[in-house]
Amino acid sequence: MKPLIGTSFKMNLTSTELTRYIEVLRPLIEPLTACDMFMLPPFTAIWAARECLRGSRVVWGAQDVHHEAYGAHTGDISAPMLAELGCTFVEVGHSERRRDHGETDAAIALKVKAVLEHGMTPILCVGEPTKGATASAVEYVTRQVYGGLKGIPGYQRAQVVIAYEPVWAIGVGSTAADPQHVETMHAAIHDLLDGAKPRVIYGGSVDVTTAAPLLGQEHVDGLFVGRSALDPVAFAAIARIAR
Ligand code: PGA
């Protein structure tokens with residue numbers, strides 16, 4: 001399977017800004033056929049991604065979803081709404097949503113189910129909160145993986161992408177986790193889901209320097225890029241490494 005290289009823009013880029021971003025990105029990534037690529041704009045700019053990415057090698061998606069299809073949930077967005085906008089991927093359980101919105105593993109499992117039911121691919125984010133012994137990180141992440149996939153049958157688990165994102169490695173002032181630690185964690189996640197074989201991608205301060213050693217690890221199936229990918233040239237450069 002090709003490496004999967006994606007980004008979430010988090011709460012960045014208006015639709016006008018995203019349109020300009022894609023104008024710069026498209027010619028740079030057109031020749032890069034050796035990886036699969038996705039981008040997750042804020043809800044308000046998904047329509048622009050659909051308009052500007054059509055016919056390109058990059059698919060688009062969303063950063064969150066409500067678990068119900070419709071109803072009295074002011075401000076929320078449902079899976080059928082995202083499916084109609086042509087979304088391929090929907091991120092669930094990012095640590096910033098767990099932190100800012102109190103999302104639990106049980107709530108996240110319902111979101112995973114909703115995304116699958118509407119024919120899209122969930123990207124389930126997991127990761128230990130603090131830097132420490134690998135054994136306790138494995139224990140923490142195991143709980144999150146089982147919790148986030150609760151009720152999802154084995155045949156559907158293969159369709160889920162797991163994003164291993166140690167919380168301590170995410171955001172301004174952090175540095176990417178050591179490739180050896182990442183490899184151990186990814187191998188452990190692959191073991192947990194033995195048989196299902198989902199793609200396990202790494203996120204947390206990925207940039208043009210850290211991408212190569214991370215992608216060089218046997219169980220790293222791709223990268224989930226945050227702030228580095230706010231520059232389309234850097235995002236393309238990371239995708240180029242995935243060859
Ligand atoms: P970062 O974000 O690359 O800015 O650390 C990563 C993420 O949250 O996925």
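For ligands, and for the atoms within them, numbers begin at 1 and follow the listed sequence.
Under a 4.0 Å criterion applied to the non-hydrogen atoms of His94, ligand 1 contributes the atoms 7 (C), 8 (O), 9 (O). Of all atoms in ligand 1, numbered sequentially from 1 with element shown, those under 4.0 Å from a heavy atom of Glu165 are 7 (C), 8 (O), 9 (O). Ligand 1 places these atoms under 4.0 Å from at least one heavy atom of Arg227: 1 (P), 3 (O), 4 (O), 5 (O).
Using a 4.0 Å heavy-atom cutoff, Ser8 is absent from the residues neighbouring ligand 1. Ligand 1 lies nowhere less than 4.0 angstrom from a heavy atom belonging to Ser228.
In terms of N/O distances under 3.5 Å, ligand 1 is not approached by Gly203. An N or O contact shorter than 3.5 Å is missing between Glu96 and ligand 1 by distance. Where the criterion is an N or O separation shorter than 3.5 Å, residue side chain and backbone included, Ile170 fails it with respect to ligand 1.
For the pair Arg227 and Asp207, the salt-bridge criterion is not met [side-chain N within less than 4.0 Å of a carboxylate O]. The pair Arg97-Glu91 fails the salt-bridge criterion, with no side-chain N (NZ, NE, NH1 or NH2) lying under 4.0 Å from an Asp/Glu carboxylate O.
Checked against Glu96 for a side-chain hydrogen bond (donor to acceptor under 3.5 Å, both in side chains), the options His101, Gln63, Lys10 give a single hit: Lys10. Residue Tyr164 is tested with Glu128, His219, His186 for a side-chain hydrogen bond (donor to acceptor under 3.5 Å, both in side chains); the sole match is Glu128.
Between the side chain of Ser78 and the backbone N or O of Tyr70, no donor-acceptor pair lies under 3.5 Å. When atom types are taken as modelled, the side chain of Glu139 and the backbone of Ala135 share no donor-acceptor pair closer than 3.5 angstrom.
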